[in-house]
Number of protein chains: 2
Amino acid sequence: MVATIKDVAKEAKVSIATVSHVLNHTRYVSPELVERVNSAIEKLNYYPNMLVGGLRSKQTYSIGLVLPSISNETFGKLAETIQKLLLIENYNLIVCNTSNDYDLEISALNTLIMKSVDAIIIIPSTHNAEKIVEVQNRGIPVILVDRDIEDLDASRVKVDYKKATYNAVNYLIDNGHTEIGYIDRAKELSHSMEQRDGYLSALKDANIEINPKNYIRCEGYDYLDGVNAIQQLIKKNPMLSAVLAYYDVIALGAIRGAVDAGYSVPDDLSVIGCDNMPFTSALVPRLTTINFPIEEISKAVIDLVMMALNNSKEKKNIIVDGKLIVRDSVTKPRVSNRGL
Amino acid sequence: MVATIKDVAKEAKVSIATVSHVLNHTRYVSPELVERVNSAIEKLNYYPNMLVGGLRSKQTYSIGLVLPSISNETFGKLAETIQKLLLIENYNLIVCNTSNDYDLEISALNTLIMKSVDAIIIIPSTHNAEKIVEVQNRGIPVILVDRDIEDLDASRVKVDYKKATYNAVNYLIDNGHTEIGYIDRAKELSHSMEQRDGYLSALKDANIEINPKNYIRCEGYDYLDGVNAIQQLIKKNPMLSAVLAYYDVIALGAIRGAVDAGYSVPDDLSVIGCDNMPFTSALVPRLTTINFPIEEISKAVIDLVMMALNNSKEKKNIIVDGKLIVRDSVTKPRVSNRGL
DNA sequence: ATGAAAGCGCTAACAG
DNA sequence: CTGTTAGCGCTTTCAT
């Protein structure tokens with residue numbers, strides 16, 4: 001039915017070894033034979049089966065990508081960028097969603113093991129390194145992205161969230177804000193700790209007292225969670241003049257919630273988001289946000305993957321900057337509370 | 001290094017056939033042997049290699065998904081939903097982006113052939129059926145989603161865009177609008193034609209004269225393209241009181257562009273989008289938009305894939321509704337132009 | 001410079 | 001009820 005290497009060999013009147021070598025440029029073949037093989041391939045419409053390559057304990061040219069969700073625009077874009085770069089190197093991507101669920105993460109990892117992927121890129125959903133270590137022990141290199149797992153001997157690419165958040169809060173302080181809220185994620189992940197760290201350090205360095213009423217944790221990733229969070233925050237501290245959200249969609253919800261509560265944004269409430277998602281620059285007001293440098297991260301990931309694929313045992317830590325994108329959602333507070 | 005079926009057989013002191021049958025429940029094996037095999041599997045941490053199954057010309061349990069982009073939130077969500085449903089049936093998804101480019105689509109299809117996928121789900125980027133027919137001829141079933149290719153003998157899942165757009169325009173007419181703009185995509189795809197058809201039919205059925213000044217084609221998928229489009233449209237026809245955009249992000253841009261031009265939305269300009277992307281319900285004003293029923297489409301796709309995988313030669317056409325989600329971005333025009 | 005043939009890990013037909 | 005064995009399509013040694 002579908003042509004195999006045997007058919008090509010027969011058609012070209014050569015051995016299958018010759019066909020294989022023509023396909024892979026893996027030893028000298030005389031021009032005439034190359035020509036005959038290529039015609040046969042074309043005539044029979046032959047495509048080599050990539051899976052068997054993997055059988056001979058070689059590469060499968062598949063890379064696994066495990067992440068919480070690709071329907072999140074940021075992660076979707078990341079997946080797409082990584083895929084495009086990988087394609088250049090002739091690798092394919094098998095994407096697995098975990099929905100931030102550890103069991104799903106394990107089953108994703110198991111699937112990728114069974115699919116004999118050459119490497120796994122993962123945005124982990126927990127701190128649990130056990131399964132990842134098992135994967136590594138099978139000889140599959142693992143690259144960690146965006147979120148960290150301590151004590152794991154793996155290459156990583158991360159955003160310097162502490163610095164990014166520190167800068168963002170500082171920007172609010174420079175604008176005269178002192179009652180600065182922070183909407184944090186409910187789940188305790190490495191980057192949340194870093195971000196919180198940046199928030200607290202910035203306040204501390206500016207000698208602003210830390211007010212627990214300005215801090216809230218937010219359950220989900222839907223804008224309604226942001227609506228809810230900001231309204232609670234406002235209730236707890238009516239003096240609140242600025243707020244930082246861990247995710248642009250939450251910031252969007254915060255704006256919506258503030259508007260619904262009769263606030264004007266940014267005049268009554270300045271808002272900063274995180275991720276620089278495409279829609280943020282179109283909002284009214286345009287959202288000031290922390291950039292998530294997708295291209296830079298993707299390139300770094302590819303570098304690390306290729307390094308691992310070249311059997312380098314070396315591990316590398318790449319840190320990228322999350323710059324503040326200044327737009328229109330931050331102004332000076334109506335009445336400066338500084339010193340009150 | 002990594003355990004194979006042989007190692008398991010040796011460890012369990014049975015034949016590899018028995019191990020295989022225990023793994024696949026494909027013939028009776030006595031409880032004692034099952035027990036021994038399972039212990040051996042656990043002890044050796046054995047995972048079957050899914051790729052070899054495909055070698056024996058069986059299934060690979062991989063399905064290909066070819067679409068323009070997963071960083072588009074709608075397609076990303078679609079990919080994720082399809083993947084989740086497929087996972088229940090024990091299939092994995094290999095996602096390929098085409099960026100609406102035919103050459104990339106071809107190379108994606110070639111890759112999927114070489115990866116021996118069991119079926120291909122595709123949102124095509126052209127009307128060209130040639131490569132798809134080749135794929136089918138290799139025995140790989142193809143399911144078309146969202147966009148159509150005429151004269152192709154394949155199963156399909158589509159939104160009734162004509163009806164959806166007809167309804168949306170009718171809703172504007174019912175609200176008293178007569179100068180209704182339409183921002184169309186530049187690329188001529190099946191669904192654009194259907195949408196334009198719906199737009200024109202609705203106007204015609206309401207005896208509203210078709211005004212070419214109300215129609216514009218828009219190059220890209222960025223919100224700035226929407227900004228640009230609406231500003232041109234306003235310039236061409238200052239009487240414009242409502243506009244329909246082919247994509248929520250373009251609608252977002254249209255709002256932004258209208259606001260920048262001194263319009264108030266919806267008071268001066270009513271706007272309807274398309275896709276019901278998550279951010280639309282958080283916008284100020286909340287966007288009225290045509291729903292893209294992701295769950296329903298995904299389920300239909302899975303049904304068709306499973307049907308094809310069961311060797312059914314039957315082809316099926318599934319049409320789903322794109323309902324109008326009424327929110328706050330449409331009002332009656334300030335001054336009704338009806339009859340002017 | 002090319003071919004023959006041994007496997008890669010597994011399934012399934014065949015044997016007992 | 002279980003084991004033996006012939007391949008699946010290809011890569012790679014070994015031989016020529």
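Note: hydrogens, waters and symmetry copies are ignored here, and every other heavy atom, side chains too, is used. In the text below, chain A, chain B and the rest are named by the order of the sequence lines, each starting its count at 1.
In this entry the distance linking CG of L55(B) with P of dT11(D) reads 11 Å, nearest Å. Whole-Å rounding puts the N49(A) CG to dC8(C) C1' distance at 13 Å. Taking atom CD1 of residue I5(A) and atom P of nucleotide dG9(D), one finds them 11 Å apart after rounding to whole Å. Distance NE2 (H21(B)) to P (dA13(C)): 9 Å, rounded to an integer number of Å. Atoms CD1 (I16(B)) and P (dT2(D)) sit 16 Å apart, rounded to a whole Å. Here dC8(C) presents its P atom at 11 Å from CG of D7(B), a figure rounded to the nearest Å. Taking atom NZ of K115(A) as the reference point, atom P of dG9(C) lies 18 Å away to the nearest angstrom. Protein atom CZ of R27(B) is 11 Å distant from nucleotide atom C1' of dG16(C), rounded to whole Å.
Surrounding NZ of K315(A) are more than 12 heavy atoms belonging to other residues, nucleotides or ligands, all under 6.0 Å away. Within 6.0 Å of the NZ atom in K13(B), the count of heavy atoms belonging to other residues, nucleotides or ligands does not exceed 12.
Proximity note for L33(A) (side chain, C-beta onward) versus dT2(C), dG9(C), dT2(D): the nearest is dT2(C). In the set dA12(C), dT12(D), dC10(C), the nucleotide with an atom closest to the side chain of A17(A) is dT12(D). Closest to the side chain of S15(A), out of dT11(C), dA4(C), dT11(D), is dA4(C). Closest to the V14(B) side chain, of the nucleotides dG3(D), dC8(D), dG3(C), is dG3(D). Of the candidates dC8(D), dC8(C), dG9(D), the closest approach to any side-chain atom of K6(A) belongs to dC8(D).
S20(A) comes within contact range of at least one nucleobase, with a heavy-atom separation under 4.0 Å. Within 4.0 Å (heavy atoms only), V29(A) reaches sugar-phosphate atoms of the nucleic acid but no base atom.
Recorded end-axis angle for the helix from dA1(C)-dT16(D) to dG16(C)-dC1(D) stands at 50°, based on five pairs per end and rounded to 10 degrees.
For the residue pair S62(B)/K115(A), the side-chain donor-acceptor check at 3.5 Å is satisfied. Under the 3.5 Å distance criterion, with hydrogens and angles disregarded, a donor-acceptor pair is assigned to the side chains of T60(B) and D118(B).
Across L144(B) and P124(B), no two heavy atoms sit closer than the pair CG-CG, 4.4 Å.
Looking at K84(B) and E80(B), a side-chain N of the basic residue comes within less than 4.0 Å of a carboxylate O on the acidic one, giving a salt bridge.
For the OP1/OP2 pair of dC10(D) and a distance below 4.0 Å, the side-chain nitrogens and oxygens of Y47(A) include no atom meeting the criterion.
The shortest side-chain heavy-atom distance between V22(A) and L33(A) does not fall under the 4.5 Å cut-off.
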